[in-house]
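Here is the structure we will look at, set down as structure tokens.
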Amino acid sequence: MELRIFNSASRRKEVFEPIDKNRVTMYVCGPTVYNRVHIGNARPAVIFDTLFRLLKSLYPQVVYARNITDVDDKIIDVANKRGQKSEEIAKLYADFYSKDMARLNCEPPTIEPFATKHIPEILDMIEVLIRKGFAYVSEKHVLFSVSSMPSYGQLSGKSLHDLTIGARVEIGKYKRDANDFVLWKPSKKGEPAWDSPWSRGRPGWHIECSAMAQKHLGVTVDIHGGGLDLLFPHHENETAQSCCANGGKPLANFWMHNGFIQLDGQKMSKSLGNFKLVCDLLEHHPGEVLRYVILSAHYRSEQQFNASLLESAKRSLDTLYRCLQSTENLDNIVVDLSTNNGFLALLDDLNTSESISELHALARQTRQGSKKKRVVARGKLLSLANMLGLLQQNPDDWFKKAHDPDALSQQEIEEAILLRQQAKELKDFGEADRIRDSLALKGVVLQDSRNGTGWRRS
RNA sequence: GGCGCGGUGGCAGAGUGGUCAUGCAGCGGACUGCAACUCCGUUAACGCCGGUUCGAUUCCGACCCGCGCCUCCA
């Protein structure tokens with residue numbers, strides 16, 4: 001039973017072996033907090049939360065850090081536009097982020113470090129880089145010199161030569177090389193600023209992750225994750241800084257990158273105006289539905305996202321919850337998942353898609369066969385679902401909780417059901433159907449059974 | 001220009017050198033007063049052209065098409 005992970009650094013699946021089996025470390029790049037996050041930001045959060053759950057089942061201790069970048073030009077821009085402080089904007093959206101991700105059943109990471117809380121560590125690392133000759137000071141900036149590191153570009157598979165040819169960015173005149181990147185830069189008046197030997201300023205984009213990963217997780221982390229777009233330049237630069245500061249020791253042994261989400265067949269982009277905010281989606285869909293959609297595709301593939309997929313995911317979850325609801329009388333037992341196909345699929349580079357198909361197989365087994373087998377299947381279903389962060393609520397809540405404030409109350413529904421029952425007893429099926437149709441129009445679906453009439457919200 | 005990825009049934013989406021993905025939708029049947037749910041059955045796919053092979057959706061090559069990164073970006 002071993003976990004295999006596709007390592008972006010080697011571009012192949014490798015058997016995962018942690019540096020310390022008693023303390024597995026994972027660092028995932030969280031958001032820069034200047035607005036509400038979109039569904040694309042949710043994908044890595046959900047994926048690495050699932051990996052976190054899987055790792056915890058395999059190792060006694062897993063330390064998962066997901067950072068918050070709370071000092072950045074974009075935050076400053078928003079703060080300026082609103083006449084607020086950068087810190088206020090960052091705090092506001094960091095809180096929203098935690099809440100949004102929690103609604104997707106993402107557990108809180110072990111550590112959620114903030115860049116601005118690690119300025120001393122950042123300054124230390126920059127000083128080391130300057131002292132060792134990997135960084136230089138120029139016009140109050142400190143820059144990392146990519147030419148000082150022969151292996152620069154290896155992680156993302158780029159050569160400095162090609163980068164320079166393809167460069168579309170204007171070269172700052174304080175840079176020796178177009179690809180040199182900022183470790184520290186001077187702040188303008190009114191911007192967040194800290195004292196440093198080079199200027200009163202603030203850190204560049206990449207350095208905070210290097211400093212925070214090292215402080216909380218150690219020089220080399222087991223797994224470093226994030227969106228594919230972070231591979232270059234963010235992760236390339238992170239690993240360059242850390243590696244050079246630490247005598248060649250790598251920042252991470254395993255690099256994992258999730259693919260993009262496509263909205264209605266197109267890349268989500270602000271210019272197209274087709275990005276979906278998580279908080280807007282949550283107004284109309286349970287968080288678990290969003291999570292189910294995200295997990296239904298393999299994390300490395302490009303994923304489609306649209307309204308009909310949300311609807312399909314909702315129905316799939318309905319089926320699973322219905323199974324749980326109709327088998328609540330079965331004993332809850334502790335099961336061993338170690339030979340389960342759904343669990344084994346997760347061990348194979350986190351194949352959540354295949355794992356979800358096993359959820360449906362287990363649901364089927366929970367509904368049929370001998371009672372003993374059904375009890376075991378149900379135990380496995382709950383256990384596997386828990387590892388995926390799905391089926392986390394009680395079925396009655398799933399089906400009956402009202403999300404719309406104008407929805408019929410439980411009492412109103414039950415009264416209508418009673419009236420319909422009376423009509424049915426009088427064989428007045430016209431009236432009975434009229435009541436059922438009227439409830440359906442208000443989003444309530446009835447289900448007759450031997451034990452009476454049940455209901456759910458559609 | 002450089003580097004890289006992908007094209008699977010109506011939709012989404014795994015996977016595999018040789019009977020099955022799976023879900024949603026569809027179709028037929030059972031159940032039901034009729035439905036819903038559930039159950040049983042069922043339709044339907046591997047971009048194109050070659051090659052390797054007894055056999056290829058799966059391996060190899062060419063081609064077509066789409067996409068990503070190289071600039072902030074999950």
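Just so we're on the same page: letters track the sequence lines, and every chain starts at 1. All figures in this text were calculated on a predicted structure; none of them were measured in a lab.
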Polar pair under 3.5 Å, donor/acceptor by atom type, side chain A/Arg43, base B/rA74: no
How far, in whole Å, is B/rC65 from B/rA74 if one measures between their P atoms? 32 Å
Side-chain donor/acceptor contact of A/Asp229 with base of B/rG68 under 3.5 Å: no
Remember a base hit wins even if backbone is also touched, and classify A/Gly40 as base, sugar-phosphate or nothing at under 4.0 Å, heavy atoms. base
Is A/Arg420 touching bases, backbone alone, or none of the nucleic acid, heavy atoms closer than 4.0 Å? base
Is it true that A/His216 and A/His118 share a donor-acceptor pair across their side chains at a distance under 3.5 Å? yes
NA contact type, A/Gly454, heavy-atom cut-off 4.0 Å: base, sugar-phosphate, or nothing? nothing
Would you indicate what A/Leu231 reaches in the nucleic acid, counting non-hydrogen atoms under 4.0 angstrom: base, sugar-phosphate, or nothing? nothing
Nearest-Å distance, CZ (A/Phe429) to C1' (B/rA35)? 12 Å
Which part of the nucleic acid, if any, lies within reach of A/Glu311 when heavy atoms closer than 4.0 Å are counted: base, sugar-phosphate only, or nothing? nothing
Any side-chain N or O of A/Arg315 less than 4.0 Å from the OP1 or OP2 oxygen of B/rG23? no
Rounded distance in Å between the P positions of B/rA45 and B/rG10: 8 Å
Whole-angstrom distance between B/rC49 and B/rG7, as gauged at atom C1': 16 Å
Taking only heavy atoms on the protein side, list every residue of residues 371-386 of chain A lying under 4.0 Å from any atom of RNA chain B, sorted numerically. none
Reading RNA chain B 5' to 3', how would its secondary structure be written in dot-bracket notation, given Watson-Crick and G-U pairs with both distances under 3.5 Å, brackets [ ] for crossing pairs and | for partners on other strands? (((((((..(((.....[...))).(((((.......)))))....(.(((..]....))).))))))))....
Need one value for A/Thr319: base, sugar-phosphate or nothing, where a base atom within 4.0 Å counts as base even if backbone is also close, heavy atoms only. sugar-phosphate
Side-chain donor-acceptor pair under 3.5 Å between A/Asn306 and A/Ser308, yes or no? yes
Got a sec? Which of residues 289-302 of chain A come in under 4.0 Å of RNA chain B, heavy atoms? A/Ser296, A/Ala297, A/His298, A/Ser301, A/Glu302
Taking atom C1' in both B/rU8 and B/rG47, compute the distance separating them and give it to the nearest angstrom. 10 Å
Base, sugar-phosphate, or nothing: which does A/Leu446 touch, judged by heavy atoms less than 4.0 Å apart? base
Partner of A/Arg456 by side chain to side chain contact (heavy atoms under 4.5 Å, CB included), out of A/Val444, A/Leu446, A/Asp318: A/Asp318
For nucleotides B/rG15 and B/rU22, find the distance between their C1' atoms and express it as a whole number of Å. 11 Å
Does the base of B/rC34 carry an N or O that pairs as donor and acceptor with the side chain of A/Asp448 under 3.5 Å? yes
One should read off an interatomic distance between A/Glu236 CD and A/Leu155 CG, to the nearest 0.5 angstrom, of 5.0 Å
Describe the nucleic acid contact of A/Arg11 in one word from base, sugar-phosphate, nothing, applying a heavy-atom distance below 4.0 Å. nothing
Testing the 3.5 Å rule here: is there a donor-acceptor pair between the side chains of A/Glu112 and A/Asn67? no
Heavy atoms under 4.0 Å, any strand shown: does A/Gln304 hit a base, just sugar-phosphate, or nothing? sugar-phosphate
